[in-house]
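Before any comments, here is the structure.
Just so you know, ligand 1 is whichever comes first in the structure, and atom 1 is the first atom listed for that ligand.
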Amino acid sequence: MTQSVTVTRNGGVAIVTLDNPPVNAMSFHVREPLQKALLKLRDDDSVEALVLTCAGRTFVAGADITEFGKPVQRPHLPDLIETLETFEKPTVAAIHGTALGGGLELAMGCHFRVADRGAKFGLPEVKLGLLPGAGGTQRLPRLVGPSKALKMIVSGNPISAAEAHKDGLVDAVFDSDLLANAIDFAHDLAARGTILAPVSVRDEKLAAARADLAGFDAEIAEALKKSRGLDAPATCARSVRNALTMGFGEALATERNYFFELVLGDQSRAQRHLFFAEREAAKVPGVGKGDRPRKIARVGVIGAGTMGGGISMSFVNGGIPVTLLEMTDEALQRGLGVIAKNYAISVSRGSLTEEAKTKRLAMFTGTTDYADLADCDLIIEAVFEEMAVKKEVFGKLDAVAKPGAILASNTSYLDVNEIAAFTARPSDVLGMHFFSPANVMKLLEIVRGEKTAPDVLATAIAVAKTIGKVPVVVGVCHGFVGNRMLGARGAEAEDLLLEGATPAQVDKVFTDFGWPMGTYQMWDLAGLDIGWRTRKSLGKTAAIGDALCEQGRFGQKTGKGFYLYPDGRTPVTDPEVEALIEAKAREKGVNRRTISTDEIMERTMYPMINEGARILEEGIAARSSDIDTVWANGYGFPVGQGGPMFWAELVGLPKIVERLEYWHGRTGKEVYNPSTLLRQLAENGAGFSSTAKGKAA
Ligand code: 3HC
Ligand code: NAI
């Protein structure tokens, strides 16, 4: 027997402990000894009951994802669960931490589940482009009912021990001493000679839905509303539905087939790539274990506008009190008012209790006096995007902030090194670039200045995780990773229209690809006046964009932009805009022609990939997977496509270089000029993962 599985005894109760750090994934080296141990204990007459538990920080967090897509060695996870179900003596899973995916499926192979009060339960496979493949779609409906199981499996979101207990997934919850309580629980069952039925034969909770399949289909339709372009959610739902229409054995075998189909598909590969990419992004070259994060007990935020308000809410929601500073009391009250309104909306939607709202609001301290920031450990500036204003703010911060306080800018484009130089402590300065709406979007670009200290980066990463953000460290350049590539994606947006496309046609190519919205819808949402003002300040023009703004068409906020918004939100094609595009094309002597879907993809996505390659070449991102993490979490890049760099490799780098060269030859535009790195990789048949680390490092 290896160390991954140990068996001890407490009288007639056998205790099987799994130990596979860090999260007790069900790797082959756990499955093999576990199967052996279970078979032996099943047939050992001196064993009256069994407790299955885990060492370390959590119960089994799932199958071993690193094994997916490779030949899997027997015993498989379903083999172990089948063995558990053949026990004719009580089996009890004792759960702490998270019982996720294959971990929860293993636990459902036991007759009983008992849990620590802090435990969480879920089947998150859908987030990896999969469905539970070891009976989860069949056993969970039998324990919690098909409606609840459908919600859990299609969303992938975990539930608490209390909820699991209420729903019948868990039989007992303990506040402390989980293992000792689980052993007592098992002794008690053995002593009482409890009649045991494996979960697979408990059909009572299926009866109502079996009698009303149409009703269940309506629930499925509702559950799948947000599963845009992804195969896994529908497959999850189909498999749960099979529990109502098939016998257990047939539905189980069908579930397994669905699993193998999905695991070999590009969508699941893409989502697994993003899972590991996100975890890799938190490992920053040059930041080691010795760089201990500083303690962040209070955060200061300067500016209570769009971003400052959302940033403040993120920290308060994560349990960290905030001092919010504005220029005037009026601006402060306006900002605090918006925050209070946002929380009130959450209460009205039922996602926050009145009590929690009151508690959160009490965690904000408003001020107009910089001296009140003296006790803050981290201060984030979110004032106007002008270097002169940033200079003034950082000068004041340097004067009032305590030694060791971290000073961050939320700037979208400005030079963080220049901002750091406004202080006498540039090693304590960095960029913390949140995305709008900041209390919702998960991405945090952490901008590493030339002088930023490693422990300052470590602190930013740690605090980002505390408030539920996904941190990615990037280097200094105009627009950092995300906005710089966004610029390249939109560089041809005007010319595509002038040459023959319509906003609706281009945007449909985007939404068909899986983006939540297209370029013109996004601009209408952000406000066309922002780009117009920037263009004017740079002496630049955009024939169509400028003309729309001159007519007061600023996008959604004025009810019209590239589209009309009769209900304030839904874009509707406007013939006047099409006429305007045609007129501008005539003015410029452009002969409009039919623009194909391929051309739209090549003239939007390929420049963006090219810019991503330049970013890697310059070392602004440490690895291509960091770029994918930025796009999946900050810009709605469809997760089933894995991020721009992952997708580019699926398309093939040689093809991308060839088409960039074609468009470069035809237009002479720099966005199409293939970067040296992209050319080299394409020539060598290599992928982005072979690239070096750089300035982000
Ligand atoms: N397989 C392999 N490695 C895993 C893993 C898994 N299921 N889950 C986590 N890991 C690895 C991570 O990659 C990371 O590795 P690293 O240290 O080398 O970067 C390490 O474990 C720690 O993970 P986190 O940094 O995510 O640790 P946290 O404490 O923040 O979170 C967790 C713990 C909540 C368990 C989180 O890791 C998680 O959500 N894991 C995935 C759970 C999951 O998706 N389970 C379903 C798997 S699919 C399945 O079971 C199929 C079945 O139906 C047949
Ligand atoms: P905003 O105009 O909504 O808010 C700025 C606020 O800062 C205003 O309330 C203003 O009164 C206040 N302010 C200005 N000067 C100040 C000073 N000296 N002291 C205290 N308060 C001051 O602007 P927004 O959109 O919130 O942007 C703020 C920063 O965040 C900018 O640097 C912007 O580039 C960046 N950003 C904006 C994003 C967005 O989508 N709006 C996304 C990510 C970053």
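Checking atom 43 (C) of ligand 1 against the protein gives a heavy-atom contact under 4.0 Å. The presence of a protein heavy atom under 4.0 Å from atom 32 (C) of ligand 1 is ruled out. Protein non-hydrogen atoms do not reach within 4.0 Å of atom 23 (O) of ligand 2.
The only option from Lys396, Lys390, Lys391 that meets the salt bridge (Lys or Arg N to Asp or Glu O under 4.0 Å) definition with Glu381 turns out to be Lys390. The side chain to side chain contact (heavy atoms under 4.5 Å, CB included) test with Met432 singles out one residue from Val447, Val416, Leu378, and that residue is Leu378.
Among the atoms of Glu385, some N or O lies under 3.5 angstrom from an N or O of ligand 2. At under 3.5 Å, a nitrogen or oxygen of Gly102, whether backbone or side chain, sits near a nitrogen or oxygen of ligand 1. Not a single N or O atom of Thr411, backbone or side chain, sits closer than 3.5 Å to an N or O atom of ligand 2. Note: no N/O pair closer than 3.5 Å links Glu381 and ligand 2 by distance alone.
Checking side-chain atoms of Gln138 against main-chain N and O of Gly135 turns up no donor-acceptor pair under 3.5 Å.
Listed by number with element, the atoms of ligand 2 under 4.0 angstrom from any heavy atom of Tyr370 are 19 (N). Residue Ser412 approaches ligand 2 through these ligand atoms, each under 4.0 Å from one of its heavy atoms: 33 (C), 34 (O), 35 (C), 36 (N), 37 (C), 43 (C), 44 (C). Within ligand 2, counting atoms from 1 as listed, the ones closer than 4.0 Å to a heavy atom of Thr306 are 3 (O), 25 (O), 26 (O). In summary, the atoms of ligand 2 found under 4.0 Å from a heavy atom of His433, numbered by their order in the structure, are 43 (C), 44 (C). Atoms of ligand 2 lying under 4.0 Å from any heavy atom of Ile302, numbered from 1 in the order shown and given with element: 19 (N), 20 (C).
Here the shortest heavy-atom distance to atom 27 (O) of ligand 1, taken over Glu105, Arg279, Arg57, belongs to Arg57. The heavy atom nearest to atom 16 (P) of ligand 1, out of those in Lys127, Glu67, Lys283, is found in Lys283. When the options Ala63, Ser27, Gly103, Gly62 are ranked by their closest heavy atom to atom 7 (N) of ligand 1, first place goes to Ala63. Looking at Asp64, Val60, Leu104, Ile81, it is Asp64 that brings a heavy atom closest to atom 2 (C) of ligand 1.
With rounding to the nearest 0.5 angstrom, the CG atom of Leu397 is 4.5 Å from the CD1 atom of Ile302. To the nearest 0.5 Å, the span separating OG1 on Thr629 from NE2 on His273 amounts to 6.5 Å. A distance of 13.0 Å separates CD1 in Ile379 from OG in Ser409, rounded to the nearest 0.5 Å.
No more than 12 heavy atoms of other residues, nucleotides or ligands sit less than 6.0 Å from atom NZ of Lys442. Atom CD of Glu82 has 12 or fewer heavy atoms from other residues, nucleotides or ligands within 6.0 Å. Residue Lys151 qualifies as open at atom NZ: its count of foreign heavy atoms under 6.0 Å is 12 or below.
Scanning the protein heavy atoms around atom 35 (C) of ligand 1, the nearest turns out to be Ala61 CB, 3.4 Å. Closest to atom 34 (C) of ligand 1, if we only count protein heavy atoms, is Leu100 CD1, 4.0 Å. In terms of protein heavy-atom proximity, atom 53 (O) of ligand 1 is nearest to Glu125 OE2, 2.6 Å. In this structure, the protein non-hydrogen atom closest to atom 18 (N) of ligand 2 is Val393 CG2, 3.6 Å. Remark: minimum distance from atom 40 (N) of ligand 1 to any protein heavy atom is reached at Phe275 CZ, 3.6 Å. Among all protein heavy atoms, the one lying closest to atom 11 (O) of ligand 2 is Glu326 OE1, 2.9 Å. Looking at atom 13 (O) of ligand 1, its nearest protein heavy atom turns out to be Phe276 CE2, 3.5 Å. Shortest contact from atom 37 (C) of ligand 2 to any protein heavy atom: Met307 CG, 3.3 Å. In terms of protein heavy-atom proximity, atom 30 (O) of ligand 2 is closest to Asn410 ND2, 2.9 Å. At the shortest separation from atom 17 (C) of ligand 2 among protein heavy atoms lies Met327 CG, 3.3 Å. Nearest protein neighbour of atom 4 (O) of ligand 2, counting heavy atoms only, is Gly305 CA, 3.3 Å. The shortest contact between atom 4 (C) of ligand 1 and any protein heavy atom is with Val23 CG2, 4.0 Å. Of all protein heavy atoms, the one lying nearest to atom 40 (O) of ligand 2 is Ser436 CB, 3.3 Å. Of the protein's non-hydrogen atoms, the one nearest atom 2 (O) of ligand 2 is Phe384 CE2, 3.5 Å.
Using a 4.0 angstrom heavy-atom cutoff, Lys390 counts as in contact with ligand 2. At least one heavy atom of Phe434 lies less than 4.0 angstrom from ligand 2.
Note that Arg272 lies outside the cation-pi zone of Phe276, set by a 6.0 Å cut-off to the ring centre and a 45° limit from the axis.
A salt bridge links Lys283 and Glu280; the closest N-O separation between the charged side-chain nitrogens and carboxylate oxygens is under 4.0 Å. Using a 4.0 Å cut-off between a side-chain N of Lys or Arg and a carboxylate O of Asp or Glu, Lys148 and Glu163 qualify as a salt bridge.
Of the heavy atoms in Ile65, both backbone and side-chain atoms come closer than 4.0 Å to ligand 1. Using a 4.0 Å cut-off between heavy atoms, Val383 contacts ligand 2 through both its backbone and its side chain. Residue-level proximity to ligand 1 for Phe59 is absent, since no heavy atom of it falls below 4.0 angstrom. Using a 4.0 Å cut-off between heavy atoms, Val389 contacts ligand 2 through its side chain alone, with no backbone atom that close.
Classification of the Phe259-Phe68 ring pair by plane angle, with boundaries at 30° and 60°, yields perpendicular.
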